[in-house]
Amino acid sequence: MTAQFSYSFTTGDGKNKALLGGKGANLCEMTQMGFNVPPGFVISTQTCLSYLEQKRLPDGLMDEVRAQIADIERVTGKHFGGASDPLLVSVRSGSAISMPGMMDTILNLGLNKQTLAGLIEETSDPRFAYDAYRRFIQLFGKVALGIEDEKFDTHFNNVKRAAGIKADVALSADQLQEISELFLMVVHEETGRPFPEDVYQQLEIAICAVFNSWMGKRAVDYRREFHITPDIANGTAVNIVTMVFGNMGDDCATGVGFTRNPGTGENEMYGEYLVNAQGEDVVAGIRTPKPVQEMAKEMPEQYRQLVELRNKLEAHYHEVQDYEYTIERGVLYCLQTRNGKMNAAAMVKTSIDMVAEGLISKEQALLRINPELLEQLLHPQLAPDHDNKPIATGLPASPGAACGHCVFDADTAVRLGKTGQDLILLREETKPEDIHGFFAAQGVLTSRGGKTSHAAVVARGMGKACVAGAEDIKVDVRARLAIVGDIHIKEGDLITIDGSNGNIYLGRIPTIAPRFSEDLKTLLGWADEVARLRVHANVDTPETARLAVSYGAKGIGLCRTERMFNAADRLPLVVDMILAHNTEEREAALAKLFPIQRDDFEQLFEAMSPHPVTVRLLDPPMHEFLPNEHQLTDELDALKHYLTIVKGQRVTLDTLANAGDLPAPFNRLNEDVILEAIAKKQMMLDKVLELYEVNPMLGHRGVRLGMSYPEIYKMQIRSILEAAARCIKQRIPVEPEIMVPQVITVQELKQVKGYVDEIQNEVESQYKIKLNFKFGTMIETVRACTRADRLAATASFFSFGTNDLTQATFSFSREDAENKFLPLYEESGLLEDNPFETLDIEGLGKLMKMAVELGRQQRPELKIGICGEHGGHPRSIRFVHNLGLNYVSCSAPRIPVARLAAAHAKLLETKPL
Ligand code: PEP
Ligand code: MG
């Protein structure tokens, strides 16, 4: 049997998105359900892959295409390339996953001198026909022949200017004819050949162009950014669809709609349309369209059909749809539908509403939301009490507030983004080729276009703030200037945009963290009912612990005690401890630290009560608490220089002025104070040199510190246990867990357990209570994985430290890898993902599996969690669910993501990862 390359809308399998692409499959499905879809067919993604591999269209494809066109001719009575009643088609891309605007589309294909005459005769509307013709030449020229838009735009604008015309609609048939001829000339000049007259040749070139666009830079960048791998979408289909026209007069229109409001999730008609226009005009934001509600008055019968279409779409797909339509001479055609991309708030609201309406189940409500999306809900909002006046207002196109330096083009955004600046991309309108600028910017502002313009749709998909169609802003890209009334905004100036209400402000406005909506609470409540994994937080202060509880954390999975050491009131004590010459001096410094740590833990336990709190004993190498060698050398030099000035009594006005630059108390010109400071700095420098390690991350850190300086670990253990005792005395339920980092052998654990047992006895008799707590280990070395059974004999819980374990498995550090070679590895496919972000299931996953199995062989009830960064990453969460872990722990803002991902993990446990 010969391969089938194409499928008519009347026969294609509407469920096979992998083969027909999302758009093609939906067009087939809608056609077969009786929606009014213009006749057409799909060329499969398989054909695209074959084309990309062979670098030519497969034999037999164009024969099939001719047969498909003949079918369309039969149904429509039109003729492709015919002198009378010509058939025109659109040629559109569409892969399994929707990638809005990433690939190419050609409209009005089939026009040439002969069919143009036929179209004029058929419509008796030369203006319409020339308009269609000039659009076709430009689109075909750009997409299929690679000619820059500017080459066409210059002629277009010249004709308009010469005729004194502002709006495109005011161009006459003669002027459009002149433009078409100029465009044909551009094509000839740029390609060295006349514009193709043969309509099948046009079609063949267009099909190749759409296939090629799959490997275009825009599409490749988009797939990389959104992790669209070949198993998710491989190749694009080509949809060839009979043209219907929204620009044949005032009984014609074109529009796009969402079955619900994608900004708020409200169940209402939502969308925009333009009378007498082609679809591109709406999407490109060239004319600002009208809200669909106006159609109810302007075209009541078509509005009724549109409401019916919307209702049928949702009832069929059980999902919010993003659809496009055209009204040709009063008849409504549906041109495409796909699942609507919405922001997180709208996804949550529609999930709750659709369950209440009986349209979907709770499980579907959970599964339809990508957990990553929820982080958006924790995006900043403008402080409600700010009293800045907006300088302009546009359409609230994608919610959240963003502040940054203005940039006027995508390339500049990328360049400045690399320097770490916050940016707002400010453009008249955006196009798909600006996509890299979106990634680099915090927010997007456009002066033209509606809520369904390119800028709005893409920003919403990315969860970035966007204000669109702020028409009071005049953007002059050449002058790198935007003007609002008499205000001039230059490139680099700070502005703030509020995508929730469309306001634009000069300068930076303070933002606040948003609150959890009731809908989100309900949804995450459903998630908790389903999930087996508990979600804990990686936090170290009572404030962040309370925040984590408000996000739904059920415990602290990792309290990094070193963060407590770094606070301003403790660091000097920690430094004294490090500089101690002997155990006694060290113990004296620790005695001062002890009550502070104990109070820290008491507050933390209270904030998290009654949930478990896992406290990790000191982990980082000591030198991290001291300034570095260069800094100390510089400071010493400065002090010594200063000493010579003071000693020489060369106190002049100049030196007095310089003295002001020195920190107090040196500016008191006191020799003794300076000498003392020099001695202390010298000691620090000596210590830093003594502590120097070639590989500090693989050196004297973690439990090895506890072996060398037992008094440090003992102080921490006593702080934890006394804090617990104090809580118990106040009847605050607590569940502390003491965790040891960097363990490689059970001997280390046993030694620390020895300290714990001793201190437990002392604290219990001192406070006259019984302590109830757990003792466990981090699993973050390769040896710990391979010796997990031995460790589990002493540890009653494990927590995978996958940050260090990844470093150990790959033998490279995150900092060096991400700064140097990891981008190259990812781009060239040497590694599929950054293993510090996405858990390396194939490699590191095997070590984890071994550790879980060995650990539970030894101690079946062993509690196991993960507290590396992967604990907040949805795919990694699915993996650890399948491994049988008990909990994941992540930073506070990832908690909603992790809760939903934990529910997904349970619901999808029988499906491949
Ligand atoms: C880890 O290694 O995964 C971990 C949580 O510890 P840290 O990141 O503090 O080294
Ligand atoms: Mg670690």
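Whatever order the structure lists ligands and atoms in, that order sets their numbers, starting from 1.
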A.B. asks: Between E372 and R894, does at least one N-O distance fall below 4.0 Å, as a salt bridge requires?
C.D. replies: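 Salt bridge between E372 and R894, a charged N being under 4.0 Å from a carboxylate O: yes.
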A.B. asks: With the Mg ion (ligand 2) as the point of reference, which N/O/S atom of D804 is the closest?
C.D. replies: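 Considering only N, O and S atoms, D804 comes nearest to the Mg ion (ligand 2) through OD2.
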A.B. asks: Using only heavy-atom distances, determine whether the side chains of T809 and T806 contain a donor-acceptor pair under 3.5 Å.
C.D. replies: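 Note: T809 and T806 side chains miss the donor-acceptor criterion.
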A.B. asks: Checking the side chain of R899 only, and the main-chain atoms of Y551 only, is there a donor and an acceptor separated by less than 3.5 Å?
C.D. replies: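 Between the backbone of Y551 and the side chain of R899 there is a qualifying donor-acceptor contact (under 3.5 Å).
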A.B. asks: I'd like to know if the side chain of N882 pairs up with that of E909 as donor and acceptor (distance under 3.5 Å, no hydrogens or angles considered).
C.D. replies: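 No donor-acceptor contact under 3.5 Å links the two side chains.
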A.B. asks: Can you see whether Q751 engages Q747 through a side-chain donor-acceptor pair at a distance of less than 3.5 angstrom?
C.D. replies: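 No, no side-chain donor-acceptor pair sits under 3.5 Å.
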A.B. asks: Output yes when a side-chain donor or acceptor of E587 lies under 3.5 Å from a complementary backbone atom of E711, and no otherwise.
C.D. replies: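 Answer holds: no.
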A.B. asks: Could you go through ligand 1 and list every pair where one of its N or O atoms sits under 3.5 Å from a protein N or O, giving the atom names and the distance to one decimal?
C.D. replies:
residue: ligand 1; atom: 2 (O); partner: E780; partner atom: OE1; Å: 3.0
residue: ligand 1; atom: 2 (O); partner: D804; partner atom: N; Å: 2.9
residue: ligand 1; atom: 2 (O); partner: D804; partner atom: OD2; Å: 3.0
residue: ligand 1; atom: 3 (O); partner: G801; partner atom: O; Å: 3.3
residue: ligand 1; atom: 3 (O); partner: T802; partner atom: N; Å: 3.0
residue: ligand 1; atom: 3 (O); partner: N803; partner atom: N; Å: 2.7
residue: ligand 1; atom: 3 (O); partner: N803; partner atom: ND2; Å: 3.3
residue: ligand 1; atom: 6 (O); partner: R616; partner atom: NH1; Å: 2.9
residue: ligand 1; atom: 8 (O); partner: R560; partner atom: NH2; Å: 2.9
residue: ligand 1; atom: 8 (O); partner: N803; partner atom: ND2; Å: 2.9
residue: ligand 1; atom: 9 (O); partner: R560; partner atom: NE; Å: 2.8
residue: ligand 1; atom: 9 (O); partner: R560; partner atom: NH2; Å: 3.3
residue: ligand 1; atom: 9 (O); partner: R616; partner atom: NH1; Å: 3.1
residue: ligand 1; atom: 9 (O); partner: R616; partner atom: NH2; Å: 3.0
residue: ligand 1; atom: 10 (O); partner: D804; partner atom: OD2; Å: 2.9

A.B. asks: Answer yes or no: are there more than 12 heavy-atom neighbours, outside K849 itself, under 6.0 Å from its atom NZ?
C.D. replies: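 Open.
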A.B. asks: Can you tell me if an N/O/S atom from E780 lies under 2.8 Å from the Mg ion (ligand 2)?
C.D. replies: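 Yes.
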